4 protein chains.
Amino acid sequence: MVVRGSSRSFIETARRRQLIEAAVVTVNEVGYHRASLAEIAGRARIAKSAVAYYFASKEGLLLDVVQTVFAALGESVLTAVDGIDEPVARLLAYADAYVAHVDAERQAIAAAVEIVVSHRTADGTPLYLVEDEDDTALLRSILRAGIDQGVFVEMPLDVATGLAESVLDRAITLVQRNSGADLSVLRAHVVPFLFRALGATDD
Amino acid sequence: MVVRGSSRSFIETARRRQLIEAAVVTVNEVGYHRASLAEIAGRARIAKSAVAYYFASKEGLLLDVVQTVFAALGESVLTAVDGIDEPVARLLAYADAYVAHVDAERQAIAAAVEIVVSHRTADGTPLYLVEDEDDTALLRSILRAGIDQGVFVEMPLDVATGLAESVLDRAITLVQRNSGADLSVLRAHVVPFLFRALGATDD
Amino acid sequence: MVVRGSSRSFIETARRRQLIEAAVVTVNEVGYHRASLAEIAGRARIAKSAVAYYFASKEGLLLDVVQTVFAALGESVLTAVDGIDEPVARLLAYADAYVAHVDAERQAIAAAVEIVVSHRTADGTPLYLVEDEDDTALLRSILRAGIDQGVFVEMPLDVATGLAESVLDRAITLVQRNSGADLSVLRAHVVPFLFRALGATDD
Amino acid sequence: MVVRGSSRSFIETARRRQLIEAAVVTVNEVGYHRASLAEIAGRARIAKSAVAYYFASKEGLLLDVVQTVFAALGESVLTAVDGIDEPVARLLAYADAYVAHVDAERQAIAAAVEIVVSHRTADGTPLYLVEDEDDTALLRSILRAGIDQGVFVEMPLDVATGLAESVLDRAITLVQRNSGADLSVLRAHVVPFLFRALGATDD
DNA sequence: TATGAATGAGTATTCATTCAT
DNA sequence: TATGAATGAATACTCATTCAT
């Protein structure tokens, strides 16, 4: 078994990354429900049993994929809004960064989303009910500030956050359905669309 | 095997409906990829092989679920907009009916959506790439008319349709994550949100 | 259950013949091991369960096919040699009639042979070990007479019968491998071949 | 899954041989169409799924049985005729070796023949229509030479080859019907029988 | 650190048979 | 006489996991 000390060995880190990438590729190529360990390990040019060496289980690997991918997305948007105070500008930065990240990391995003919607834990719980951290916290805080300051129209915060997320996630839907989709047209219109919906102007 | 074409017997119709309902319940309870024929047949209190008697395959059953559920949704919105000409009024009727239908048929909708996003045909094609009919045709036609008449803001039709659909589908996301979710708050805000986003007013 | 009195009703006889023919066609089209009751009944345009009405079991139907087909072959050769006394002439008549019958009834023969070589009874016994009557009795008696009279070379009777049968069955092999095979060339040479092998001349 | 190409491990080779032998035994005991993976695996005292580990499919295993068995038969006859030039002597060596091999390897031969006549590929094609190599090539070449040199009677080559094969295959029929059959009497007479049929003398 | 070997539980599907009508 | 309905047993196959090395 792998010793889970303070730090992972260099080779272990490399192998884990390699397997996560192989899992992304596999899920995109054959879909979640045919992404067996054999397929994933084969793509990583590693023995199937070696996966067990680095991940406690197949589920552990898939969860790591999800976590890794969404952590990167979270970091992108966090970096984008860093240092910006004004809600409208923050939302603009957030939305731009969000769609840009989806555009740039479409393979990883598509795979992670497919895993999230398809996977269930042993007791049947879907993954989006398992998430410990709230991915929408940042978006929520931006909207809260904007509504409080009166630059966005008055709305229940949950509703506003959910709808804004749905709008931005249109980018994900597009790359899922067509991995080569051109997002530039969407990117040109999604922010104005969202700003109008929130009762703001982006000028 | 059941002969197609002529007409289905009373009992066959009943059994097929029963199995479709059992499939919906099963998918909601254990998720798509654990919804085995054994689970479905068990919930229908029927032998596993009886499923094969009424449906050529498991895929046939699941596709029937999807078709049945979305046909009902399509009929709801079609009925709602029937006789209304003006784009703004038509969109209002459409959106209201859409969310109301999701609210009322949440079990069926949640299951059908999970099937659509999770299922792959034998050659690996996801279901949303297989659909022959365009579910968004009605919404698209409404938006086209509104944009043409200048009551909605100028936007590429594909983008407008996709974003509008994403907004409305927020209702589905909510019932998927929590089958007992209260949609009333969302219902009160989603139409104004969408109208603002499209540059229209609903007064 | 069908009453097994002294005689079968007209309709029962017709149905049984119909099913036997359907079984022949089915075995030829899809092979023994895919010749399910559903396939056979379908080709006979009869409900699957109706087969059970006329035959105790699927095995009963297949056995009837075998018996019917080989009875006809036996009758052909018996008729052919009838009234002929001289062994060489009898063998000539037998062999000619045998190959001619195979040629004429190739569909039925091919199916019956496939059943015989493929089918096993419930306890695993192959069909050729089940046969109660000896299909080779006539051929054996002809050869015995010929050897006794010194017109055929001296040979153990079993060996002679078996080899003669093998030679004649080449016709069956040909129609099995290719249902449209032209047997005329074989027919022209098989009798001289067999006669030479037995040390006789056919002039 | 087992990697092909490079080279098989010692244990893999052993397991495959073991499974092929188990398949032979199983087919002989219960017949082709009851020779399920469970039966075969049970006789090999191995888990059913282990069969899948060494053979891509049941069909792959059975085809390997056929190929192995007929390759050995082909090698026997090839070795027997090696270095012999004269057609009569070559045919004598061929026929003797053929029947001797059937006698010695009767279990394997019986099983392989039953597989060949019973098995169908997924699209329904019988095995003897699939064979790429021609098992009768050597026999054919011997007969062609003999006919050309005038030591065998003039006959169409296809007919001569087919009939000679049928004669020799009488040995297979005997061991199939009775695995303990004594072939010595047949062996004493089959070659003279065949030589007479071909118009040759074996002195 | 890595893997080949092996397995048990689970998958959809096929099919001859039974039975009430 | 005939059948639609239903089933249980069996089928090949898949796959995550375990383990000795």
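Quick note on labels: first sequence line is chain A, next is B, and so on, each numbered from 1. Fair warning: this is a prediction, and the values are worked out from it, not measured in the lab. FYI, side chains are in, hydrogens and waters are out, and symmetry mates aren't considered; it's all heavy atoms of this structure.
- Rounding to the nearest 0.5 angstrom, the gap separating the CD1 atom in I11(D) from the CZ atom in R16(D) is 14.0 Å.
- As rounded to whole Å, 11 Å separates atom P of dT14(F) from atom NZ of K48(A).
- If you check dA20(F) for Watson-Crick or wobble pairing at under 3.5 angstrom, you find it paired to dT3(E).
- Between the side chains of R8(D) and T13(D), not a single donor N or O lies within less than 3.5 Å of an accepting N or O.
- Where R15(C) and R34(D) meet DNA chain F, the nucleotide closest to each residue was compared, and R15(C) sits on the side nearer the 5' end.
- In this structure, I40(C) places its CD1 atom 11 Å from P of dT17(E), rounding to the nearest Å.
- Protein atom CZ of F55(A) is 15 Å distant from nucleotide atom C1' of dA16(F), rounded to whole Å.
- As judged by a 4.0 angstrom heavy-atom cut-off over every strand, L37(B) is placed among the base-contacting residues.
- Atoms CZ (R45(C)) and P (dG4(F)) sit 14 Å apart, rounded to a whole Å.
- Atom P of nucleotide dT17(F) and atom NZ of K58(A) are separated by 8 Å, given to the nearest angstrom.
- The side chain of I11(B) lies closest to dA5(F), out of dT18(E), dA5(F), dA12(E).
- Of the listed nucleotides (dG4(E), dA5(F), dT1(E)), dA5(F) has the atom at the smallest distance from the side chain of Y53(B).
- Side chains of L63(C) and L127(C) form a contact here, defined as non-hydrogen atoms less than 4.5 Å apart.
- With dT1(F), dA5(F), dG4(E) as the candidates, the nucleotide lying closest to the side chain of A47(A) is dG4(E).
- Look at NE2 on H33(D): it is 10 Å from P on dA16(E), rounded to the nearest Å.
- Mapping A52(C) and I46(D) onto DNA chain E via the closest heavy atom, the residue that lands nearer the 5' end is I46(D).
- As judged by a 4.0 angstrom heavy-atom cut-off over every strand, S49(D) is placed among the base-contacting residues.
- For the pair K48(D) and F55(D), the cation-pi test (distance below 6.0 Å, angle within 45°) is failed.
- The nearest whole Å value for the distance from the OH atom in Y32(C) to the C1' atom in dC15(E) is 13 Å.
- Between H119(B) and H33(A), the ring-plane angle classifies as parallel under the 30° and 60° cut-offs.
- Residue A35(D) is the one, among A35(D) and S57(A), whose nearest nucleotide of DNA chain F lies closer to the 5' end (criterion: closest heavy atom).
- Summarising the geometry, the separation between CG on L19(A) and P on dT3(E) is reported as 10 Å, rounded to the nearest angstrom.
- The pairing partner recorded for dC15(F) is dG8(E), the criterion being a Watson-Crick or G-U wobble arrangement whose two distances lie under 3.5 angstrom.
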